[in-house]
Structure formats: C-alpha cells, structure tokens
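Everything below concerns the one structure shown next.
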Amino acid sequence: MTERTRFDLSTADVPTAWFNIMPDLASVTTPLPPLHPGTLQPVTPDLLAPIFPEALIKQEMSTEQWIDIPGPVIDIYRLWRPTPLQRATRLEQALSTPAHIYFKYEGTSPAGSHKPNTAVAQAYYNKEAGVRRLATETGAGQWGSALAMACRFFDLDCLVYMVRASYDQKPYRRIFMETFGAKVIPSPSETTQAGGTVLEQHPDSTGSLGIAISEAIEVGAGSADTNYSIGSCLAHVLLHQTVIGLEAQKQMELAEERPDVVIGCVGGGSNFAGLAYAFMAGKLRGETPDMRFLATEPAACPTLTKGRFAYDFGDTAKLTPLLPMYTLGHDFVPAPVHAGGLRYHGDASSLSLLVRDGYMEAAAYTQNEVFEAAVLFAHTEGIVPAPESAHAIRGAMNEAVAAREAGEERVILLGLSGHGNFDMQAYDDYLNGRLPEVEFDPADEETALASLPEVPIGA
Ligand SMILES: *Cc1c(COP(=O)(O)O)cnc(C)c1O
C-alpha cells in the first residue's frame, strides 16, 4: 500500500477553546508588560478601551490556560475548519530526503490564509460590544480580506488602510475586500493626521505597515462608533490562531508521528505562534525538550535575526504602547519585497522572548531562495504558496537536506499559512529573473535603531 498522506479531521474536531501560552511562558521566564510611553508604567486596560472591546483586552492580558471559543465563532470556523494536514511525500522524493515533511495548510480558508481565525473572533467581540465599524491596516491584503469577510458576517462596516505599494500592485486583493463591502484607502492618505504628515515629507511614499497602523488607530481612537482591529503581533491575535496547532496535534497523532522540528514564517508572529505554541508548551514543561522550533523571515526585514530586543512602538506615529520585542526600529521601512505580510519592523512579545531565551531559532532568506522553494513546492505538491509561507517551505527544505546529509529520519512540521493565487505578479517577476536580492542594509540598521526609545529592558 502506498503511504498515507492526508490526515483529515471532521467538523466535530474544531477546537472549542483557544490555548494560552502565558502560564507556561511565565514558568520559564518573566514576561514583560507593555508600557505606557509617557509614564513607563505597565499598560492598564483603560488605555486600550478606546480602540478594543473589553473581551479582547481581557484576552490580551489573560493568564488563563484555556479560553472558550464562543459558539457563533465556532459555527463560522466550521465553514473551512479543520484545515488539512498533509505529508509532502512528493517533495520528500524530489529532495531524496529520509525526512518526513508534514504541512498544515491554512490556505483553504475563504480569504486564503490563516487570518480569518482571528478576524472572525475580533468581529464577533466588537459586534457584541455594540461597535458599528472596524478600522484596520493591511499590507499584502490578506488581513484586510479576512477582516472584510468577518465584518460582513457580523454586519459591521470595515475601513481598510492598504499600504500604497500593495494597493498599486495588487488590485485583485482590493477588489476582494470591496466585494465584501469594505472601504479601502491607500496609505499614507490625507484622511488622517498620521498619513498627512508622512505625505508632507515624502509625497511619493509607498507606505509601510507601521504607517498604515498609525492611520487606522487614529480613526479607531477618534470616533466613538469605530474600533481598531489588528491582524498580528498582539497576544489576543496569537491566541485566536492556536486553533491551527491544536488541530495539528490531533492530526500528527493520526499520523503516529511527533515533530522533531516545527517551522513557520514570521511577520508579526501570529500564524507561527498559532501552529507552534501547543507544541511549545511541551518543550517549556520539559516533556519534549528536544523538539526544535524555527522562525523564518525575509533577509530584507530580518527582525529576529538582525533586530534588537527592546521596548519599541508598534507603529510609525508612536500611537501604540511600548512593546517588548525584537525590532528593527519603528521608523524602519523595509524594501518592497513581495512577501508583504512579513514586512513589519517588530514581532510579538511572547515569540520574541522565546527567541531571546533560546527556545526558538530564527533564520532569514533572500527572495530568490524563497521563490525557488515555492516553485519546487508547487511542482511537487500542486499548491502555489503565498510568498510569506514560502519562507517556511525554504526552512523546511533546508532541514530536509540537512537530514539527508546526516542520514536522519527527521520529522518536519511546517506551517503553510496561505496560498499565493493573488501573488502572480511576484511569481512572474521570479520566473523572469526580475527579483532583486534585497538584503538588509547595515546603514539602515543604524538609522532605524537610532529611533528606539531609551527604555531599559530586563535581561
Ligand atoms: C499576514 C501573513 C503572514 C504574516 O503574519 P503573521 O502574523 O506572522 O502570521 C504570513 N503568511 C500569510 C499568508 C499572511 O497572510
């Protein structure tokens, strides 16, 4: 009999609670609180109340291990969850590796990525709190697409600030959002002070996630009927994504294997945390001390591999609290590489702590390394991956080759966060040799890191 490659669950297996890593993290290190930039005191719930509903603020600060998923959210998850977990035997053969490569595929969601897992939850809690409209930012358009859909499901208006570079390059993502009734504005824009200030200095600015976040927060904080919604980085977002790893744990049990290494791509950290944290708990508890975790990122925006662990703002206009994280500086504007979802200067606090303390490794790859892996994945497994997800594939392929060289039957679990069906321009550029090998410029590093606030951080 040929080897089994699919490990499907039924809709009855959709998780009914999210998994919170904080109790386990607190058992191995001291979690650092976000700080008020003026007083440098830990942020209190009232500071966040103008932009987030109470339920999400509670989750942001929760130390409970499990948090129940509301019924209406589970009902919507069941439209596409559980997502597939497959073994990539054809990729293994192409690499002549004894490694077993499994991938957990989030591209089967309606928006094509993992992002609806949190968008639906956030829209639900805002609706419950009586909010009428959500404002947000989007880079590549994946997050905006997910939130546009979620807002439609809960009858909320949706306002999306889309990074100008993507707005111009990716009209189909914009139209996808508009199909669900969202209003999409290219960022920087004249509709906000934050955007206006940038345009005054740089009229041709192609924008960045940091700028778009400033615009969306300004709107969310400035109008009573509007809240702000964020697609990554914060603890409540990572929490909602843990459905990925909880399903993957069951599916790996069906496969009767245990991952030796779990790999994902990191923009702000949500899809990788979502996949990894249920497994990471075992490592932090000393049950699976040898299990490895590898976070992958673009060489053009190498937050974890070249950034500094420091308190920094999450946005360009310094509207957010100070967050303890690996950062390239809130003024850093990464080169416009095609993995738009990975072009963010910072990363989630919990994930940053895990990297700092050696529980998680990190690696950065250039665009051509990443697309080479993406195309081999398409040729063998038939899925054209999102450029973001292709970073994880690159990491997995490197592990599989290392396993071959070491003659080891390593079990690799990789997070395939989305499909690349809206990213054809990127593939066209790669196939025609037009992808520049943009690396991080150490000169940029100095200027960007110079913008870091001087706030001491515990070691
Ligand atoms: C947004 C996005 C990412 C990066 O965001 P994380 O919060 O780090 O997961 C990765 N992959 C895809 C497909 C995305 O849309």
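All ligand and atom numbering here is 1-based and tracks the order in the structure. Along the sequence shown, residues carry numbers from 1. The structure presented is a predicted model; accordingly, all values stated were derived computationally and were not measured.
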Applying a 4.0 Å heavy-atom criterion (strictly less than), which segment of [X] is in contact with ligand 1: side chain, backbone, both, or neither?
| X | value |
| --- | --- |
| K115 | side chain |
| N271 | both |
| H114 | side chain |
| V237 | neither |

Which ligand 1 atoms, with their elements, are less than 4.0 angstrom from a heavy-atom of [X]?
| X | result |
| --- | --- |
| E388 | 10 (C), 11 (N), 12 (C) |
| C265 | 10 (C), 11 (N) |
| L342 | 4 (C) |
| S417 | 10 (C), 11 (N), 12 (C), 13 (C) |
| Q142 | 13 (C), 15 (O) |

Would you call [X]-[Y] a salt bridge at under 4.0 Å N-O?
| X | Y | value |
| --- | --- | --- |
| E372 | R394 | yes |
| D13 | R81 | no |
| R133 | D157 | no |
| D24 | K283 | no |

Ignoring hydrogens, just give me the one of A111, A339, S232, A348 whose non-hydrogen atom is nearest atom 7 (O) of ligand 1.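 Nearest heavy atom to atom 7 (O) of ligand 1 lies in S232.
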Is a donor on one side and an acceptor on the other found under 3.5 Å between the side chain of S389 and the backbone of L416?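 Not confirmed, S389 side chain does not pair with L416 backbone.
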Starting from atom 4 (C) of ligand 1, find the nearest protein heavy-atom neighbour and note its residue, name and distance. G341 O, 3.4 Å
What protein heavy atom is closest to atom 8 (O) of ligand 1, reported as residue, atom name and distance in Å?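 It is G267 N, 2.6 Å.
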I want to know if ligand 1 touches V266 in the polar sense, i.e. an N/O pair below 3.5 angstrom.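 N/O-N/O distance under 3.5 Å: no.
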Do any nitrogen or oxygen atoms of G269 lie less than 3.5 angstrom from nitrogen or oxygen atoms of ligand 1?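 Yes - when backbone and side-chain N and O of G269 are compared with those of ligand 1, one distance drops under 3.5 Å.
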Under a 4.5 Å cut-off applied to non-hydrogen side-chain atoms, are L48 and P321 in contact?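 Result yes, sub-4.5 Å side-chain heavy-atom pair found.
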What one should report as the nearest heavy-atom pair of S229 and L147 is OG-CD1, 3.6 Å
Ring geometry between Y427 and F371 (parallel below 30°, tilted from 30 to 60°, perpendicular above 60°):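 The rings of F371 and Y427 stand perpendicular, inter-plane angle above 60°.
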When the ring planes of H240 and H236 are compared, do they come out parallel, tilted or perpendicular, using 30° and 60° as the limits?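 Perpendicular: the ring planes of H240 and H236 meet at over 60°.
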Please verify whether a non-hydrogen atom of H419 lies at under 4.0 Å from ligand 1.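 It does not; every heavy atom stays at 4.0 Å or beyond.
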Please say which of Y344, F309, F332 ends up in a ring pair (Phe, Tyr, Trp, His ring centres under 6.0 Å) with Y326.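 The ring pair (Phe, Tyr, Trp, His ring centres under 6.0 Å) with Y326 is passed solely by F309 among Y344, F309, F332.
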